[in-house]
Amino acid sequence: MLASLTMQQAPLFSIQPPAPTPDRLAAGERVAARLKPLVRGAVHTDPLMTYAWSGDASSYRLIPAVVVFVNSEDDVREVFKAARAEGLPVTFRAAGTSLSGQAVTDGVLAVLGDGWRKLSIHPDAEKITLGPAIIVAEANRALKPHDKKIGPDPASQATCKIGGVVNNNSSGMCCGVAQNTYHTMDRLRIVLTDGTMLDSGDAASRDAFRVSHGKMLSGLHQLHHDVMADEELVALIRHKYRIKNTVGYSLNALVDYHDPLDILIHLMVGSEGTLGFVSEVTYNTVPEHPFKATGLIPFPDPQSAGRAIIEMANGGVQVTTGVTAAEYIERRALATVEHLAPMAPLLPWLTEDSPAVLIDVTAPDAATLEMEVAKANALLARHGATHIDLSTDEHRSHVLWDIRKGFFTSAGAARPKGTIMLTEDVAAPIEKLAEFVVDLRTMLDDHGYTDAVIFGHALAGNLHFQMGDDFSVPGAAEKFDVFNQELSKLVSLRYGGSLKAEHGTGRAIAPFVEAEWGSKAYAIMHRIKALFDPERLLNPGVLLNDDAKIHVKNLKVMPLADEIVDLCIECGFCEPACPSHHMTLTPRQRIAVTRERARLRASGEDPARLARFEADFQYAGMDTCAACNLCSLRCPVGIETGTLILDERARRRGGTAHTVARLAADHRGTVERAMRGGVAFADAARTIIPAPAVEAITETARRLTNKRVPRISRALHYGPGAPRLRDTRQDPRKAGFPVPIAQSARPQIVYFPACPSRMFGAPKTEHDLLDTPAAMMALLERAGYDVIVPDHLTGQCCGQPFQSKGFPEQAAEVGKALKAELSAASDAGRLSVVTDASTCAKHLKEFPGDAPVADSAQFLVTHVLPKLAITQKLPVVAVHHNCSAQRLAEQPATEAVAAACAEKLAVLSSITCCGYAGDKGLFLPELNAHATRRVHNDIPDNCTLGVSTVSTCASGLTERAEIPFVSLASLLEWASRP
């Protein structure tokens, strides 16, 4: 049965796979029924969610029959059993940043859940043990205080996960050949398809495995001897792994090791999920020298850049001191980013054909760095570099490397809208790099891919190239097929290189593995697969495939859907920032589903499926989108998926909704008083009824009314309303005179208490903190200001709540009224205006009036803190960076204020947007709960207080973190009390 479902014939060329067949759907439902009682993660078979998981970062799409989240080795065993029983293959997925189609399937897609987030640093940080769901950047962040890192450093390291890194043997910018997983792995823990666990670092586990799997180990032992007996094959294997190579299985394991257990463990590296499941890995860490100089160095032509890189490569020997990275970037690639500010100093030195090389020189101390920089400068000058500028400016280094890491998407975004981004990843022996660069460019142009750009990790002879194509156009897939055939000849045969240097074989290169390796090595690979997975249960068709055209089947199409997101290449870089990631949909998935809905509407091919998509998208795509747009900060081209969702919310609003919004806008003072009154009632009720009972009552009401009644948690408190002003003769409105009676030397400031700060109060703490408006008033007066508060404050709102709910007209109307009040209070912008909620400040910056509004964090650190005397501090304070504060780049200001009030800061690194999203925490508390599910990991035991720059976010964090969160103003007022 397995074979019948996995070996379905496909046409010679195929794009955008249809919905799963009835047989496949039925099999998926049966697998789901088996798994739901046995695994604690979600299981999906509905059309929307299976389609959402149908694509990775590659150009392929396959719609899984069932998606299951796995969190333990027992879950993995149950998935194996259920899939085997129903004849479906299994594919494991980590972050889905795979570029060769190895993380998609039409069978069972097993997605790594939170259960795999182990991170343990060993003594002296010489080793680190990681679960497969840990993001590479998280591991390196934990190691940074020890001046260590893990060896693999892919450009997607802010998104990609360890499970994918191990299974693809990913490398990266500085990794070269010597520091990939294969060479830096100390221990691996795996689960085979029969359910057996092997821990290579545990003697008892190894001994037990030798007994239980003696036949398998004998087979590996025989393979080792067969390979070693063939001198020609041994020479080929050694040659292939001199450079980066992820084509086929890691045959070097059969040459490098003698013990079958060691061979087995190293064959798992780079096996792309086709041999077993990796549940844990221990790495030997590598030095991360603290002294570094970086430069983007232009050359007059590709040949001179190539010759310089050949000399810098040190004969292919990896170094940790000296030139540790050299990224070749051709002129056409530079053109896609030359509009960015950091590129401006380079532009005068660029001609029509001049590439640049991004270079890192690193050293353990300043003196050594100075010496290594001098050597690098001399080398660069010797090879004709036109502008040499190696700088130790850390910010500049980060900016340049961010540009380089974003090439995958920024270059992809330069393609015409509606086309798919294609990427390949090749390598040649380093001594041939200069001519290889030129031949590769010529080949791309000759096959009509003149829009292609080339860049890559040149110290390892590794080049990436990207181009766009529209596979819905007749002949496009055939053209791509011919190109791949010629590429195979150029790279594998002419240059003796690797068709896939670090992205993995996948479906993209599977038809060319035998051509690159030869028939003897290819037969060895088939024997490896048969020893591990004789049923072909795991990821069939990936890495080994008899279909010579599999690389041009199941290709994605990118129909135009919305100008906001049409440039998206579905790379997934945005996903870690999304609060609904792994709950409902991510930005990438919202875009993919939006495109499919557009395609179905245009084609009319499946009205029932489209109707199901439209209905299910309401909750998964729209209701649970926080619209925080933090995804845009992760996206190298700044795509705001939240804006897409806001626009769709507006389109979906009916007449009744607009009537309600109009009433709310016209009577917003009444709405504010009602909201405060409702919370006050809940506060009063808690004095009579236990808080859990109040929560249960409001939660029941929320569910019975289909989420129309808000849930009131014990962390939500009655707000203070408008602040009380100190009597002053400075404000003509208060004095009753057209001008102040007596001029004061005190400067004036207009303070606008945002509506959430007025409506919702702070939690009670042991420090007797003031609520936000009272604290702001006290701080401003303490800093020497006369404070003016706008008239008619109740009901005044920036309009952002209406905007987020899909009522832009009402948002504009309400915002206009506030701007008029602020203009009057500030004398048409003569006086500065400050507010106390980052969300409000950001909205007012985007829709400004004549009175620019500063957020409290930036204003406090710049204008208030220097005038205060800090009289008391807390041992530690937790700091949450609200999503609007992040988009305003206020993290340094927030941390500076908090640091003045505490000996130590605990920044909540596990949270991006907290998911409270205005009032979503009241109506959709599950989003807030999901977004903050790991918050306890960030808070030390001795931490009793946290800060956030929005009161609603503080309320959600107070409930989820189980310590009170207050405003920066409340904390700073306490710390500076006389």
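These numbers were taken from a predicted model, which means no experiment stands behind them.
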Check your understanding: Do side-chain atoms of T586 reach the backbone of Q589 as a donor and acceptor pair under 3.5 angstrom?
Key -> yes
Review point. Does the side chain of N71 pick up a donor-acceptor pair with the side chain of D114 at under 3.5 Å?
Key: no
Review point. Has the side chain of S58 got a donor or acceptor atom that lies under 3.5 Å from a matching backbone atom of Y60?
Key: yes
Practice item. Considering non-hydrogen atoms only, spot the tightest contact between A508 and K500 and give its length. Key: CB-CE, 4.4 Å
Review point. For S580 and R590, what are the C-alpha separation, side-chain angles and deciding distance, and is it a side chain to side chain donor-acceptor pair (under 3.5 Å)?
Key: CA-CA 11 Å; S580 60; R590 288 182 171 95; 3.1 Å; yes
Study note, to complete from the structure: Between V491 and A427 the two heavy atoms that sit nearest each other are CG1-O, 3.9 Å
Practice item. Could you verify whether a donor N or O on one side chain and an acceptor N or O on the other, from Y249 and T274, lie under 3.5 Å apart? Key: yes
Review point. Given the rule in the ring-ring contact (aromatic ring centres under 6.0 Å, His included) test, do H258 and H221 qualify, once you have shown the distances and angles that lead to the verdict?
Key: CA-CA 8 Å; H258 303 282; H221 184 70; 9.4 Å; no
Check your understanding: Is the backbone N or O of G219 less than 3.5 Å from a side-chain atom of Q222, with the two atoms forming a donor-acceptor pair by type?
Key -> no
**Study point:** R61 and Y51: CA distance, side-chain angles, deciding distance, side chain to side chain donor-acceptor pair (under 3.5 Å) verdict
**Key:** CA-CA 9 Å; R61 190 179 302 285; Y51 189 86; 3.2 Å; yes
Point to revise | Check ion pair R34-E78 (N to O, under 4.0 angstrom) | key: no
Point to revise | Sequence-distant partners of H551, ring-ring contact (aromatic ring centres under 6.0 Å, His included), two or more places apart | key: F512
Review point. Do H582 and H930 make the cut of ring centroids closer than 6.0 angstrom?
Key: no
Exercise for review: Using distance alone, with no hydrogens and no angle criterion, decide if T129 and H122 have a side-chain donor and acceptor under 3.5 Å apart.
Suggested key: yes
Exercise for review: List the steps, then state whether side chain to side chain contact (heavy atoms under 4.5 Å, CB included) holds for C568 with R595.
Suggested key: CA-CA 11 Å; C568 174; R595 284 172 166 163; 3.8 Å; yes
Check your understanding: Between H266 and Y182, is any side-chain donor less than 3.5 angstrom from a side-chain acceptor?
Key -> no
Practice item. Answer yes when K556 and E596 have at least one side-chain N-carboxylate O distance shorter than 4.0 Å, and no when they do not. Key: no
Check your understanding: What salt bridge (Lys or Arg N to Asp or Glu O under 4.0 Å) pairs are there with at least one residue in residues 176-193, not counting sequence neighbours?
Key -> E73-R189, K127-D186, R187-D199, R187-E280, R189-D199
Point to revise | Test item: side-chain donor near acceptor, T184 and Q179, under 3.5 Å | key: no
Practice item. Compare every heavy atom of I243 with every heavy atom of A460, then report the nearest pair and how far apart it is. Key: O-CB, 4.3 Å
Check your understanding: Run the salt bridge (Lys or Arg N to Asp or Glu O under 4.0 Å) check on E570 and R588 step by step: do they pass?
Key -> CA-CA 5 Å; E570 300 182 20; R588 166 166 64 173; over 6 Å; no
**Study point:** Pairs meeting criterion salt bridge (Lys or Arg N to Asp or Glu O under 4.0 Å) with involvement of residues 259-269, two or more places apart
**Key:** R206-D259, R206-D262, R210-D259
Exercise for review: Answer yes or no: is there an ion pair linking K244 with E502, defined by an N-O contact shorter than 4.0 Å?
Suggested key: yes
Check your understanding: Hey, mind stepping through T21 and D23 against side chain to side chain donor-acceptor pair (under 3.5 Å) and telling me if it holds?
Key -> CA-CA 5 Å; T21 64; D23 285 350; 5.5 Å; no
Point to revise | Minimum side-chain heavy-atom gap R117-E138 below 4.5 Å | key: yes
Point to revise | Sequence neighbours excluded, every pair satisfying salt bridge (Lys or Arg N to Asp or Glu O under 4.0 Å) that has a member inside residues 515-524 | key: D230-K520, E232-K520, K240-E516
Check your understanding: Hey, is the main chain of L538 close enough, under 3.5 Å, to the side chain of D533 for a donor-acceptor pair?
Key -> yes
Point to revise | Pair S72-D74, side chain to side chain donor-acceptor pair (under 3.5 Å): steps then yes or no | key: CA-CA 5 Å; S72 68; D74 284 340; 5.1 Å; no
**Study point:** N/O donor-acceptor pair under 3.5 Å between T505 side chain and G248 backbone
**Key:** yes
Review point. With sequence neighbours left out, what residues match F277 under ring-ring contact (aromatic ring centres under 6.0 Å, His included)?
Key: F92, W116
**Study point:** Nearest heavy atoms of D56 and Q102, plus distance in Å
**Key:** OD2-N, 3.8 Å
Practice item. Enumerate the residue pairs fulfilling ring pair (Phe, Tyr, Trp, His ring centres under 6.0 Å) with a member in residues 15-35, sequence neighbours excluded, ordered by first and then second residue. Key: none
**Study point:** Main-chain N/O of D106 paired with R24 side-chain donor or acceptor, under 3.5 Å
**Key:** yes
Check your understanding: Do you know the tightest heavy-atom contact between F69 and D75?
Key -> O-OD2, 4.4 Å
Point to revise | Distance-minimising heavy-atom pair for T91 and V104 | key: OG1-O, 4.1 Å
